[in-house]
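As a basis for the values below, the full set of heavy atoms in this structure was taken, side chains included, without hydrogen atoms, waters or symmetry mates. Because the structure is predicted, anything quoted here is derived from the model rather than measured.
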Amino acid sequence: MTLKELEPQLLALSDDEKAQVVQLLSQGKINLGRGIEKTPGVCGGSACIVGTRITLWGLVEARRIGYSEADLLTSYPSLSATDIANAWAYAKAFPEEIETEIRENDRVMYEDL
(Lines give C-alpha, C1' and ligand atoms only; values in the text may rest on other atoms or scores of the structure.)
Protein backbone atom coordinates (compact mmCIF):
# COMPACT_ATOMS: atom_id res chain seq x y z
CA MET A 1 0.00 0.00 0.00
CA THR A 2 1.30 3.45 -0.86
CA LEU A 3 1.01 6.55 1.27
CA LYS A 4 -1.27 8.06 -1.36
CA GLU A 5 -3.66 5.11 -0.94
CA LEU A 6 -3.38 5.23 2.84
CA GLU A 7 -3.87 8.99 3.23
CA PRO A 8 -7.71 9.06 3.02
CA GLN A 9 -7.94 6.31 5.63
CA LEU A 10 -5.57 8.13 7.97
CA LEU A 11 -7.45 11.39 7.58
CA ALA A 12 -10.72 9.62 8.42
CA LEU A 13 -9.39 8.45 11.81
CA SER A 14 -10.53 10.11 15.02
CA ASP A 15 -8.01 12.26 16.90
CA ASP A 16 -7.51 9.44 19.41
CA GLU A 17 -6.86 6.94 16.63
CA LYS A 18 -4.40 9.32 14.95
CA ALA A 19 -2.55 9.66 18.25
CA GLN A 20 -2.35 5.87 18.47
CA VAL A 21 -0.92 5.68 14.94
CA VAL A 22 1.73 8.28 15.80
CA GLN A 23 2.59 6.36 18.96
CA LEU A 24 2.94 3.10 17.02
CA LEU A 25 5.15 4.73 14.41
CA SER A 26 7.38 6.35 17.03
CA GLN A 27 8.13 3.04 18.73
CA GLY A 28 10.43 1.87 15.97
CA LYS A 29 13.27 3.18 13.91
CA ILE A 30 12.13 6.00 11.65
CA ASN A 31 13.96 6.61 8.38
CA LEU A 32 13.61 10.27 7.47
CA GLY A 33 15.03 10.24 4.03
CA ARG A 34 18.27 9.34 2.43
CA GLY A 35 20.70 8.18 5.06
CA ILE A 36 18.99 9.81 8.06
CA GLU A 37 17.19 8.02 10.88
CA LYS A 38 15.79 8.57 14.34
CA THR A 39 15.89 5.67 16.76
CA PRO A 40 14.28 5.95 20.20
CA GLY A 41 16.92 5.54 22.88
CA VAL A 42 19.82 6.35 20.55
CA CYS A 43 21.30 9.83 20.94
CA GLY A 44 18.11 10.98 22.63
CA GLY A 45 16.11 10.14 19.53
CA SER A 46 17.88 12.84 17.53
CA ALA A 47 18.26 12.55 13.77
CA CYS A 48 21.51 10.68 13.00
CA ILE A 49 23.42 9.42 10.01
CA VAL A 50 22.08 5.90 9.38
CA GLY A 51 23.90 3.22 11.33
CA THR A 52 25.91 5.71 13.41
CA ARG A 53 25.56 7.86 16.49
CA ILE A 54 26.56 10.96 14.51
CA THR A 55 23.83 13.52 15.13
CA LEU A 56 22.82 16.04 12.52
CA TRP A 57 22.69 18.84 15.06
CA GLY A 58 26.30 17.97 15.98
CA LEU A 59 27.40 18.22 12.35
CA VAL A 60 25.59 21.55 11.95
CA GLU A 61 27.18 22.90 15.12
CA ALA A 62 30.64 21.72 13.98
CA ARG A 63 30.17 23.55 10.68
CA ARG A 64 29.17 26.71 12.55
CA ILE A 65 32.33 26.71 14.62
CA GLY A 66 34.49 26.40 11.55
CA TYR A 67 34.83 22.73 10.62
CA SER A 68 34.95 22.24 6.87
CA GLU A 69 33.43 19.23 5.16
CA ALA A 70 36.95 17.86 4.76
CA ASP A 71 37.48 18.26 8.52
CA LEU A 72 34.25 16.37 9.20
CA LEU A 73 35.26 13.53 6.88
CA THR A 74 38.61 13.30 8.68
CA SER A 75 37.06 13.51 12.15
CA TYR A 76 34.41 10.89 11.36
CA PRO A 77 36.02 8.18 9.20
CA SER A 78 32.69 6.35 8.79
CA LEU A 79 31.11 9.49 7.30
CA SER A 80 30.90 9.87 3.52
CA ALA A 81 30.44 12.93 1.35
CA THR A 82 26.95 11.64 0.58
CA ASP A 83 26.18 11.48 4.31
CA ILE A 84 27.20 15.12 4.67
CA ALA A 85 25.06 16.16 1.70
CA ASN A 86 22.11 14.31 3.21
CA ALA A 87 22.75 15.96 6.58
CA TRP A 88 22.73 19.46 5.06
CA ALA A 89 19.53 18.70 3.14
CA TYR A 90 17.84 17.47 6.33
CA ALA A 91 19.07 20.49 8.30
CA LYS A 92 17.68 22.79 5.61
CA ALA A 93 14.32 20.99 5.67
CA PHE A 94 14.03 20.94 9.49
CA PRO A 95 15.88 24.00 10.82
CA GLU A 96 13.69 24.42 13.92
CA GLU A 97 14.38 20.85 15.02
CA ILE A 98 18.14 21.30 14.61
CA GLU A 99 18.14 24.65 16.46
CA THR A 100 16.10 23.19 19.33
CA GLU A 101 18.53 20.28 19.71
CA ILE A 102 21.55 22.60 19.66
CA ARG A 103 19.97 24.82 22.32
CA GLU A 104 19.05 21.80 24.45
CA ASN A 105 22.60 20.45 24.23
CA ASP A 106 24.01 23.84 25.21
CA ARG A 107 21.62 24.04 28.14
CA VAL A 108 22.65 20.61 29.42
CA MET A 109 26.38 21.30 28.89
CA TYR A 110 26.32 24.56 30.83
CA GLU A 111 23.82 23.52 33.49
CA ASP A 112 26.47 22.54 36.03
CA LEU A 113 28.84 25.43 35.40
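Taking CD1 of Ile54 as the reference point, atom CG of Leu79 lies at 5.0 Å (rounded to 0.5 Å). Atom OH of residue Tyr90 and atom CD1 of residue Ile49 lie 11.0 Å apart, to the nearest 0.5 angstrom. Taken to the nearest 0.5 Å, the CZ atom of Phe94 stands 13.0 Å off from the OG1 atom of Thr100. The line from CG of Asn105 to CD of Glu101 is 9.5 Å long, rounded to the nearest 0.5 Å. Here the CG atom belonging to Asp106 is positioned 12.0 Å from the CD atom belonging to Glu111, to the nearest 0.5 angstrom. Here the CG atom belonging to Leu59 is positioned 6.0 Å from the OH atom belonging to Tyr76, to the nearest 0.5 angstrom.
For the residue pair Gly51 and Glu37, the shortest heavy atom distance occurs at N-OE2, 3.0 Å. The heavy-atom pair separating Ala91 from Ile98 by the smallest distance is CA-CG1, 4.0 Å.
Between the Glu61 side chain and the Ile102 main chain, no donor and acceptor come within less than 3.5 Å of each other. A side-chain donor-acceptor contact under 3.5 Å links Glu17 to the backbone of Ser14. Between the side chain of Glu5 and the main chain of Thr2, a donor-acceptor pair closer than 3.5 Å is present. Judged by distance alone, the side chain of Asp71 and the main-chain N or O of Ser68 form a donor-acceptor pair under 3.5 Å.
Put simply, the side chain of Glu104 does not reach to within 4.5 Å of the side chain of Met109, judged on heavy atoms. Taking 4.5 Å as the limit, some side-chain heavy atom of Leu73 sits within range of a side-chain heavy atom of Ile84. Between Thr55 and Ser46 the shortest side-chain heavy-atom distance falls below 4.5 Å.
For residues 73-90, no pair satisfies salt bridge (charged side-chain N to carboxylate O under 4.0 Å, His left out), with sequence neighbours left out.
One hydrophobic cluster, built from ILVMFWY side chains closer than 4.5 Å, holds both Leu13 and Leu6.
Relative to the ring axis of Trp88, Arg63 places its NZ or CZ within 45° and under 6.0 Å from the centre.
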